[in-house]
Structures are given as structure tokens and as C-alpha cells.
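All values below were derived from every heavy atom in this structure, side-chain atoms included, with hydrogens, water molecules and symmetry-related copies excluded. Index from 1, following the sequence.
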Amino acid sequence: MYANKFGRLMFGLYSRNTAAVCGVVQAQRAGGRSGFSWTAVCRQRTLWLRRSASLESQHHTVPCHMSARSASHSTVDPDEVRRFQSLASKWWDERGEFAALHAMNDLRVPFIRDNLLNEHRLGHPGKPLAGLRILDVGCGGGLLTEPLGRLGADVLGIDPVGDSIGTAQVHMAFDPDLRQRVSYRACTLEDLSEDEEHGGGRYDAVVASEVVEHLADLETFASCCGHVLKPGGSLFITTLNKTNLSYALAIVAAEQLLRIVPSGTHDWEKFISPVDLERLLESNGFSVQSVQGMLYNPVSGAWSWTNSTAINYALHAVKAREDPHTEQAQESTADTHS
């Protein structure tokens, strides 16, 4: 019953504004579990946010850009590592906790492939991404790493959870063709960025799918992505928008009611809007090329593209071909000599 109603909600209501959605959902659920109201959920969330904003305005001790999250200089959240450690053996259960991620490959693999082909104009029938080096950040058990390898790319998957990397390596061993193109490493993005062998502009693309909403420091993430990418390299991100609707559906419904994902998987405070993400990336030398909404149907277990980014979205950005700091330095030097 809940799955059917949730499916109708997502396909019929997601494009309306949040207040209208919450009111309609309350009416739709009138015949369901007593005492539950989507409107109450949304109102409670809004009141909480207003209270938080009020408290923040009363204590001007730390500017927004110097919050604990952005000042940590580490992308890793220990709580997230512990959470995914407990799930490390379940990555390849297509009907388990990661079923939605398996299904997401129907969208994210073509999204990455097609945008890379537009950027590089490669011509390798059967292996369209041959010759490209891709870094899969937060690869987990390799759910996205393997398909990219099968498209011909040389892919390195990294994850701070060692047991997840172990699961990925075991699964890859069953496909001999992948051994030459796919490798894994238990490390953080910042560790890799500092590594002489793997860091410093060596990758044609960085992929971070369903990752940024679990990170401790997005500023460090963006900076490290820029460091490991070649000039003109692509960054692909899929994540959750920070809206009342995403809180109601991704956390209350998906985690607490339908149990599509384990309870506690997401922290709404870590969600980020496309506008804020684009601003962050542009400040780190990226140009956002496209942002596309994504929608999951829990009834069919399938994803589809949508014009609304209110819940999930995919983003493609490209690193500047010239370091903006270098350009500024060159212009400054030219002005000095003129």
C-alpha cells in the first residue's frame, strides 16, 4: 500500500512546490496509517530550519564558509565510514540495500559515456571509452566502476572503507577482462591527490555518484577533484537536492517507511542544491555543463530522467583547460612589464 502511494506521489506531485506537495500527500494518506501526516513532516522540518537559522544569526562566531564541515580538510566522515563498513558485504545483492544503486546504472552509465564521447570524440567500436582514465570516488563495491571498465576505460575505484574495496576486488575477479582495466585502492580522495603516482592531473574524468551527501568537507572534495583531473577533464556527480521534498521522500519515506535504504543512510544537512554545488565547483575552476533531474520509482524499481531537480539530480562539469590562478599571475606579470 505504501509503495503504491509513494510511487503516485513521486510521479504526480514532485513538480509542484513543496507546500502544495505536502498538503496533497496528507490528503492522499488520509486512509493510511493513523497519526501520520506528510504536512506535519514538512512543517516540522521548516520550523526546525527557521530555529537553526535564528540561532545562527544570534551567534556570529563562525562564518558560513568556515563551518566545521568545510574546515575539516578531510572528506571522510567517520560515522559514514562505520555505517558503510556494516554494509560492505551487501554491495552486489541486487535486491538488498543497494538495489536502487544497481538500477541507477541505467541512467548514470549512459550519462557519463555520452558526455565523455561529446568531449573527446573517441572512436573505439565496442569499447567507446578506451583510452580514457577514470577515477571512481567512493566506489563502494564497484557497482559503477565495473560498467565503466567494460566500456573500455581504465578505471581506478577508491573508497575509505577497506571491506568495500575487498568486496569490489572479489567481484571483479569473476570477470578476467576487467583485471586489465579496473583496479581498486582503499584510500581517500585527498590521499590520492597527494600521491605522486596517481595525483596531479592524471585523469580524464572523476565520478562521484551518490557520494557528496556523505562527505565531511565539500571544499576539499572539489579542490582535490580539480587537482587529479587533466585540464579539460570531466567531473560527474549524482546526489540529492536539499529541499523539504527530498527530506520527506529520501529520508522519511525511503528510509523509515519503505525501507528502500537502511535507516540513517542519509543526513539531510549534507544534501546540497544544484545552485550551491555549481557555485562551489566554479570557485574551484570548473564550468558546469549540464544538470539533469532524476526520479526513482519504488514500485517498478526503475530510474528516469525528469525536468525537476527537487529530489535527485546528475551534474556534469568540466575543469578549465587553463589554471585560472596561472592566468591571473600571467596577466599581473604582463601589467607589471607594460
Salt-bridge criterion met for [X] and [Y] (N-O under 4.0 Å):
| X | Y | value |
| --- | --- | --- |
| Arg108 | Glu210 | no |
| Asp195 | Arg185 | yes |
| Arg133 | Asp154 | no |

Q. Pick from Lys270, Glu80, Arg83: which one makes a side-chain hydrogen bond (donor to acceptor under 3.5 Å, both in side chains) with His214?
A.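 Exactly one pass, corresponding to Glu80.
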Has the side chain of [X] got a donor or acceptor atom that lies under 3.5 Å from a matching backbone atom of [Y]?
| X | Y | value |
| --- | --- | --- |
| Asp276 | Ile272 | no |
| Thr75 | Phe221 | no |
| Asp163 | Gln85 | no |
| His227 | Ser193 | yes |
| Asn241 | Thr243 | no |
| Glu190 | Thr220 | no |
| Arg179 | Ala173 | yes |
| Lys319 | Gly232 | no |

If I take atom [atom1] from residue [X] and atom [atom2] from residue [Y], how far apart are they, to the nearest 0.5 angstrom?
| X | Y | atom1 | atom2 | answer |
| --- | --- | --- | --- | --- |
| Ser209 | Leu143 | OG | CG | 9.5 Å |
| Ser223 | Leu281 | OG | CG | 11.5 Å |
| Leu229 | Ser234 | CG | OG | 7.5 Å |
| Leu156 | Leu135 | CG | CG | 5.5 Å |
| Ile158 | Asp191 | CD1 | CG | 8.5 Å |
| His171 | Thr167 | NE2 | OG1 | 10.0 Å |

Can you tell if the side chain of [X] reaches within under 4.5 Å of the side chain of [Y], non-hydrogen atoms only?
| X | Y | answer |
| --- | --- | --- |
| Cys139 | Leu144 | no |
| Met104 | Met294 | yes |
| Phe236 | Asn115 | yes |
| Val318 | Leu235 | no |
| Asn312 | Thr238 | no |
| Val212 | Leu218 | yes |
| Asn297 | Trp303 | no |
| Val155 | Val207 | no |

Q.
Applying side chain to side chain contact (heavy atoms under 4.5 Å, CB included) to Ile237 and Leu277, what does each step give before you reach the verdict?
A. CA-CA 10 Å; Ile237 294 173; Leu277 183 55; 4.1 Å; yes
Using every non-hydrogen atom in the two residues, find where [X] and [Y] come nearest and quote the distance to one decimal.
| X | Y | value |
| --- | --- | --- |
| Leu280 | Ala222 | CG-CB, 4.1 Å |
| Ala310 | Ser246 | O-CB, 3.9 Å |
| Leu117 | Pro128 | CD2-O, 3.5 Å |
| Ala168 | Gly140 | CB-O, 4.0 Å |

**Q.** Modelled atom types, side-chain donor and acceptor of Gln289 and Ser287, under 3.5 Å
**A.**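 Yes.
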Q: Examine the side chains of Thr239 and Glu213 and answer whether a donor and an acceptor come within less than 3.5 Å of each other.
A: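 Yes.
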Q | Audit row: Glu146, Leu178, side chain to side chain contact (heavy atoms under 4.5 Å, CB included) steps and yes/no | A | CA-CA 7 Å; Glu146 287 194 10; Leu178 288 177; 3.7 Å; yes
Q) Hey, mind stepping through Cys225 and Leu189 against side chain to side chain contact (heavy atoms under 4.5 Å, CB included) and telling me if it holds? A) CA-CA 8 Å; Cys225 284; Leu189 176 59; 3.9 Å; yes
Q: Quick one: do Lys90 and Asp93 satisfy salt bridge (Lys or Arg N to Asp or Glu O under 4.0 Å)? Show the steps, please.
A: CA-CA 6 Å; Lys90 302 179 180 181; Asp93 181 359; over 6 Å; no
**Q.** Aromatic centroids of Phe98 and Trp92 separated by under 6.0 Å
**A.**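 Aromatic pair excluded; centres sit 6.0 Å or further apart.
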Q. Going through the distances and angles, do Glu269 and Lys242 end up as a side chain to side chain contact (heavy atoms under 4.5 Å, CB included)?
A. CA-CA 8 Å; Glu269 290 302 315; Lys242 192 172 185 178; 3.7 Å; yes
Q: Please work out which of the three classes, parallel, tilted or perpendicular, describes the rings of Phe111 and Trp305, given edges at 30° and 60°.
A: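 Ring orientation of Trp305 relative to Phe111: tilted.
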**Q.** Sole candidate of Leu148, Ile134, Leu151 that passes side-chain contact (heavy atoms from CB on, under 4.5 Å) when paired with Leu116
**A.**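 Answer after filtering Leu148, Ile134, Leu151: Ile134.
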